[in-house]
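Both counts, for ligands and for their atoms, begin at 1 and track the order of listing.
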Amino acid sequence: VTLVGPEGAGKTTALEKLVLDWAKGERLQSFSCVFHFRLKELNCLQEMLSLETLLLRHGRVPLESLPAVLQNSSQVLLVLDDLHVCGQSLDPSAHAPCDDPSQVVSLGCLVASLLHGSLLRGASFVVASRHTGDLKFLTGTQMEVLGFLKPQREAYFNHFFTDPAVANRALAHMEKTLGFYDFCTSPRFCWTVCSLYEPLMEAGEKLPETVSQLCVGVVVYLIGKLPLTAARSRELMLALGKMSSHCFLNQRLSCTTEEIASFGLEKFLDAVAVFLQVDGQQLDRHVFSFPSLILQEFLLAVSYFWNDSTPESTEEVIAQLRGRTQLFDAFLSALSEPVQRRPLEAVLGEPNDDLVADFKRWFRRSSEEALRGYQKDQHHRCFHLLHQAQNKSLVKEIITPAARVGCSYGGLGLRECVVLNYVVESLGEMDLLNLYRARSLTEEQVEALAPAMSLSREIIRGITTELDLTQTALGDEKFQILSVGLRDCKLTTLKLEVCALTELSGGHLASVLSSSTSQLQLLTMRHNEIGDQGFIKLSAGLCSPHCQLQELHLQSCKLTAASMAALSAALTSGQSELKKVDLSLNSIGLPGAASVCEALQHPACKLRSLVLFDCGLTGECCQPFMEALMSEHCCLAELDLSVNSLGQEGALLLGQALRRPGCPVEKLGLQRCELSEPVFEEMGSLLRSGSSLLKSLSLGLNGVGDLGVKPLWEAVAHPNCLLEELDVEMTDLTDACMEDLSAALRATKTLRNLGLSNNTLSDASAAALVQA
Ligand SMILES: Nc1ncnc2c1ncn2[C@@H]1O[C@H](COP(=O)(O)OP(=O)(O)OP(=O)(O)O)[C@@H](O)[C@H]1O
């Protein structure tokens, strides 16, 4: 088995846990011997060795036990960590395979011979490695070590900070400022973040806003651990920068003692352990490596600016490192800003002004070039550098009117959304936000981009057809700005649930709906206090000949009967395409229901679905519903009146209407309507009559008991009944209904869904149901 993952993902930890569990007798007990080797340590030896030496010296096998280990190889498990540092290829054809345990060979040859089975044939292996090309030479199962995804980060932060409120604040800040970088999944990185946040939060200080600010904090902290003057600290930075550059340019992960001496680090041997990981302590041959690539890149950037001599120009150094580093130019951008580098200046003194000026010239030149072109990646790189600089005036200087910022920003990742938003917010406004080809923005991406959208006069018509701004606390003011762009776009779905919109937005929505280019078909506005006045304004848009809206969701929008006449007018205007309206959780009462029912009888009304869940309706309201359903013009296929006090009398009136031959209702919801046995009787008889088109019926939360529901079972069993869905949740059913229910299930040819939740049915009923 090979565990593969990036630096700090937790590979070593996983292997250590495995070995520990074996030692405690909790796992892998079929192996009598488990050997755990860290190749990083062995690599320090830089000498040839045999399998026997490996086992005797490093595996601590007593000499007398060695033959038994070699002979019973199937009981041996070798756990090899840090395969990527092996330094020599695992390609079997690169070595003459070794099959003699006493033959002295190179470490690479030894590992390759073990993994390819010429040595210790039959033994099992668990190895861990960062991603390298050599993995293709390994057979067996490969497992990806993903590190900490969001739920694990949450658990880790809660463990690190004992106060849950502090943990939540720290996590929310990290997710917002860094959550879009891959390295956030690294447990090691999470540890760094928590360790840096903790003292800052205790002191009530500001937390870092960018990865550059985070690294500044880390390096200042590490330098502070050393008793060095500013001049000596600069010297140390320079030497670490040389090592970093050497590793990047030669694709090396570690350096020997001789190599680090050549970078000028020998004077700092006591200090290097603060910045570098030192392996091989027990072997007397040390190997030094950076604990993280981010720190390695950051130290390189620091060493570049705090260099008194003049090294290569920015252009040259960036060209040399292209494709080898990820954040180097972003770190330079941050450090070129006095505010960003101030904490470092306190420990290192001033940077080299000439080099900072050279970087600024390069950034301006290369940004101008990038922003004149159409390459999206180049634009994003420039935006990322601006984001790290955290200087709004610089954004305004770089993003000139000549910049083609309106080029298409489709296919955005979360990081791109965040930095694009930063740029638009810094500019304060945007003429055109081109999201053409942004096919599937996630909720997180939309949230990150929402301020930019609201600051854009126009959002380009692209192939984006759905915009979900649910729970973005958008508010009327921002929606007003956004609505200008919405008038001229290709959106077919707009979700504005829980967006803190009020009456004011009703008018803006009307202007969107009545725009000659509007293509909106679905609008959801659940939980916005738009009220009657807001909805009356919105309804004016519904009457427009340009309005294409087919579905409107207005649950819990503080509506009353006062605005239902406006809806009715829209539905009967002859212009409205509305097919579905959901008015649930609004107290429209009898007068409101009467207005809507009037519209249902009008030949121009196209409404096919009406949901009035918990709308303060009573039995009296059933009279207008009966009249509407009796009308030949009514085309309502779905009616949900659940959670209204309709009572027996009202429901029986509905039943009468449903008996009309040709009554179009196929789906009826009457949950928790205070219904009694005669209503169930009536429904049963209706379903058997052959004149009902009902396919879906919800009668749950009406406690009529086994006898009350019995007519429905008889109906289900009847050949005239077309029901496909039946919900009788919480109707006080007991095991006594099982005989009729089983018979119904055996007989029905149409029923597909049956809801029986929250009834007192025992295991015996479950068994009977399964049989039926
Ligand atoms: N599940 C975990 N819970 C808490 N901390 C963890 C967990 N896994 C790893 N860590 C911590 O993260 C750090 C890095 O882990 P580890 O050394 O196992 O990573 P790695 O993948 O072996 O890194 P590298 O590729 O650099 O060798 C360690 O300090 C470790 O304690």
Between Glu52 and Ser102, do the side chains contain a donor N or O and an acceptor N or O under 3.5 Å apart?
no
Got a sec, which residues hit salt bridge (Lys or Arg N to Asp or Glu O under 4.0 Å) with Glu337, two or more places apart in sequence or on another chain?
Lys360
Using a 4.0 Å cut-off on heavy atoms, what residues surround ligand 1? Order them by chain and number.
Pro6, Glu7, Gly8, Ala9, Gly10, Lys11, Thr12, Thr13, Asp82, Arg130, Phe148, Tyr156, Pro187, Arg188
Sorted by chain and number, sequence neighbours left out, ring-ring contact (aromatic ring centres under 6.0 Å, His included) with His384 holds for Tyr181
Please list all pairs meeting salt bridge (Lys or Arg N to Asp or Glu O under 4.0 Å) that have one or both residues in residues 196-205, counting only residues at least two apart or in different chains.
none
Whether the Thr192 and Ser195 side chains hold a donor-acceptor pair (N or O, under 3.5 Å, no angle test) is what I'd like checked.
no
Ion pair Arg252/Glu259, N-O distance below 4.0 Å
yes
